[in-house]
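This report refers to the structure that appears directly beneath it.
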2 protein chains.
Amino acid sequence: MASIKDVAAEAGLSVATVSRALNGHPSVSPAARHRVRAAVEALGYRPNAVARSLRTDQTRTLGLVISDVMNPYFTELARSVEEEARALGYSVVIGNADERPDLQDHHVTTLLDRRIDGLLVSPTDGGSPGMLDAARAGTPMVFVDRWIPGVDVPVVRSDGRAAVRDLVAHLHGLGHRRLAIIAGPAATTTGRERVDAFREALGAYGLSLPGAYIGQGDFQAESGRRATERFLDLPEPPDVVFAADNLMALGALDAVRARGLRVPEDIALAAFDDIPWFVHTDPPVTAIAQPTRDLGQAAVRALVERIAGRAGESVTLPARLVVRRSCGEPGGSGGSPSSVRNRPTESPSPVQRSTP
Amino acid sequence: MASIKDVAAEAGLSVATVSRALNGHPSVSPAARHRVRAAVEALGYRPNAVARSLRTDQTRTLGLVISDVMNPYFTELARSVEEEARALGYSVVIGNADERPDLQDHHVTTLLDRRIDGLLVSPTDGGSPGMLDAARAGTPMVFVDRWIPGVDVPVVRSDGRAAVRDLVAHLHGLGHRRLAIIAGPAATTTGRERVDAFREALGAYGLSLPGAYIGQGDFQAESGRRATERFLDLPEPPDVVFAADNLMALGALDAVRARGLRVPEDIALAAFDDIPWFVHTDPPVTAIAQPTRDLGQAAVRALVERIAGRAGESVTLPARLVVRRSCGEPGGSGGSPSSVRNRPTESPSPVQRSTP
DNA sequence: GGAACCGATGGAATCGATTACACGGAGGAT
DNA sequence: ATCCTCCGTGTAATCGATTCCATCGGTTCC
């Protein structure tokens, strides 16, 4: 592969001049500029980013360490991060931690070894050692979605409290009184917060959240299924199951169907994190939608600010409730257009709970 | 950040010895080895991968340029690629082309500038100029899933012919005679092949594939919806719609529901590419499953072979039919366990086609 | 007319590693 | 005792860029 030396030789100039011409430095004569252009063209020269990075000490690359790529929410987040980064002249290297702290650490170290300019992390657990080291060492860093309390790093996330209140109001309005939640891992902030917000919202309606109505999940579909089965085995099963992420909601849906029960007639279902597929399930699932695209954008901007040595502020954006049919006939407001278009033919059978 | 020089100073040795100790070179005394280890520990030294790459001319990084990350099939592919690469000591940088040739080119150039050791591509169109240049220039390269005819690059993909034949047999056995397909872009190999395989399989049953039963899609949900609507507007609509990928299948499902029709009673649906969500939709969708994990693995292995200067052979793995409920009551064989567990309560209403 | 200045260019140091080559000393063979 | 090996180590070149500093010819200013 042709190097800058070859270009210099071809153009009959020094490497210094070629470099300046390539970087748009002002004091290069038009003639030289032209000859460089021609030589570059002739040789198909492309600057070696590795060499440049070594010299300039910047890679124009961002690292993104994510909890689970297979989760559509994170996939979308990754996509929006890459888009914004590209717009700002950065590349993104994604590391999938698969909810495993050791893998998270592996990716953080690898990325740091590659001298990425900044790190975007959605921490899997309370914080793996390598990650904390990086934060302490002053690597430009921003947390997305999840964060670690007590670590001095900006956080870009969405606040679901208001949306959860809206959800509980919606459920209460439909007559539901026994509300259950499938929580995420307690080690993650999102795992805890969503339960807290839910309990708080219930309190406003004089409802409580008994321990039996809190299922412990791990943000994977299988755990949602198990938790739901336990709910259904209760002497007094809940009217509604609220899953703290989309994968657990699908597990829940599956568990309900496996018993021959129907959503929402026999039991209602709602989820945190709206995803395109919820429009296509039957029934369409009522969910709390995060402004994923904006989150990715804000996170990249904050990180780039940090890289530039400026503050890089934390950002919190509101999530919003998207009402569909999985909790019962929607009220007058808040329904998405799809909730109308997706309405199936009316079921002639009365609401009933079949006993297995 | 501490460099190898700092380590050398701390250990009272030359950088050469430190480097040798770090790389497990045999002729380093145990004493020196030990002092290096101590110095590394004390300084928290991590070798600069950028500098190493410049010197050794290898980055131990693979590039993966994918057509659409938001498509679960590709997400899973990316994940398995990263896993296998990690096992082999490589990192992976993913570029999302979003089915746009210009973006594909952007990523290929960026990756090449970063001097990745090898490139895995699932080409978006007939081949963007930058990609063809790379192939010609001898960059170690392997195509995954899709490929470009006439370019001398190993291809790792799955062959769906047998599975499509099985599907057609299954459909024919259920009494379906008017079979339609939603094709992918003609510029992609997968777009063309799946139609060919379908037509061929139909031929074996004396059935033809009229032009009106070929919908043109672009592998996105919206195109699946439009194509299906056109099918339903036909004076003689098809009995079955076979979507050439999972996103178009979801669009099709949506279009069918929007008319108040039911799957499979009014019209059957099948898809290429099985994804976890098809188990959760109602009805569960019959699909052709690719051995995605194995494909990713084989692709990485082939690429690493190429990087090592060896052959790196093409691999073709068979896809297989997964029968669920979206085409009608499953026959005696091939049904997945989920097709039983997901069966909902029987519908009391007779099969009917509502006129809009 | 000479000093100061400016624009364009080249030489050479530098980034942090790897590695060919040289060298000194210990140990074995003769 | 002398020479040859071989081991462990250091010196320095190198990878491909960027950039400081020096140089040189030509203006401009006083």
Side-chain angles (χ1 to χ4, degrees), chain A residues 1-40 43-61 89 109-117 137, chain B residues 1-40 43-61 89 109-117 137:
Chain A
M1 198 150 231
S3 83
I4 196 171
K5 256 186 221 161
D6 303 316
V7 176
E10 174 83 13
L13 292 164
S14 71
V15 291
T17 304
V18 173
S19 174
R20 278 186 288 252
L22 257 22
N23 293 297
H25 193 283
S27 77
V28 176
S29 71
R33 224 173 268 282
H34 189 265
R35 276 155 68 197
V36 169
R37 230 193 310 271
V40 165
L43 299 171
Y45 168 76
R46 294 249 74 207
N48 184 328
V50 174
R52 168 179 294 162
S53 294
L54 176 61
R55 183 60 234 251
T56 60
D57 201 35
Q58 54 160 326
T59 50
R60 296 210 68 87
T61 300
T109 355
T110 308
L111 291 168
L112 257 30
D113 286 355
R114 303 242 141 117
R115 299 300 190 267
I116 46 140
D117 295 340
Chain B
M1 197 149 233
S3 83
I4 196 171
K5 257 186 222 162
D6 304 316
V7 176
E10 173 83 13
L13 291 164
S14 73
V15 291
T17 305
V18 173
S19 173
R20 278 187 287 250
L22 257 22
N23 293 297
H25 192 283
S27 76
V28 175
S29 71
R33 224 173 270 281
H34 189 265
R35 278 154 67 196
V36 168
R37 230 193 310 271
V40 165
L43 299 171
Y45 168 77
R46 295 249 74 209
N48 184 328
V50 174
R52 168 179 293 164
S53 293
L54 176 60
R55 183 59 234 246
T56 60
D57 201 35
Q58 53 160 327
T59 50
R60 295 209 69 86
T61 300
T109 352
T110 308
L111 291 168
L112 257 29
D113 286 355
R114 305 243 141 118
R115 299 301 192 265
I116 45 141
D117 294 341

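Side-chain atoms are counted along with the backbone in the values below, which use heavy atoms only and exclude waters and symmetry mates. Numbers restart at 1 for each chain; the letters A, B, ... are given by sequence-line order, proteins then strands. What you see is a predicted model; the values in this text were computed from it and never measured.
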Which residue lies more 5' along DNA chain C, comparing A:Gly12 with B:Tyr45 via nearest heavy atoms: A:Gly12

Pairwise side-chain contact, B:Asp117 with B:Thr61, heavy-atom cut-off 4.5 Å (strictly under): no

Close side-chain approach of A:Thr59 to A:Arg114, heavy-atom, < 4.5 Å: no

Rounded distance (Å) that lies between atom C1' of C:dA8 and atom CG of A:Leu13: 10 Å

Contact under 4.0 Å: B:Ser19 side-chain N or O vs C:dT18 OP1/OP2: yes

Euclidean distance, atom CG of residue A:Asp57 to atom C1' of C:dT14 [Å, nearest integer]: 12 Å

Main-chain N/O of B:Ser19 paired with B:Asn23 side-chain donor or acceptor, under 3.5 Å: yes

Length of the CZ-C1' vector between A:Arg52 and C:dT14, whole Å: 16 Å

Selection residues 20-38 of chain B - residue pairs positive for salt bridge (Lys or Arg N to Asp or Glu O under 4.0 Å), sequence neighbours left out: none

First and last nucleotide of DNA chain D, 5' to 3', lying under 4.0 Å from heavy atoms of chain B: D:dG8 to D:dG16

Atom pair OG1/CG of A:Thr17 and A:Leu22 - distance to nearest 0.5 Å: 11.5 Å

A:Arg55 CZ to C:dA17 C1', straight-line distance once rounded to whole Å: 15 Å

Sugar-phosphate, base or nothing in reach of A:Ala49, heavy atoms under 4.0 Å: nothing

Derivation and outcome, side-chain contact (heavy atoms from CB on, under 4.5 Å), residues A:Arg52 and A:Gln58: CA-CA 8 Å; A:Arg52 168 179 294 162; A:Gln58 54 160 326; over 6 Å; no

Intermediate values then yes/no, side-chain contact (heavy atoms from CB on, under 4.5 Å), A:Glu10 and A:Leu43: CA-CA 9 Å; A:Glu10 174 83 13; A:Leu43 299 171; 4.0 Å; yes

A:His25 NE2 to C:dG10 P, straight-line distance once rounded to whole Å: 14 Å

Sugar-phosphate only, base, or nothing, as touched by A:Ser27 at under 4.0 Å among non-hydrogen atoms: base

Per A:Val28 side chain, nearest of listed nucleotides C:dC21, C:dT9, C:dA12: C:dT9

Of B:Pro30 and A:Ala16, the one whose closest DNA chain D nucleotide lies more 5': B:Pro30

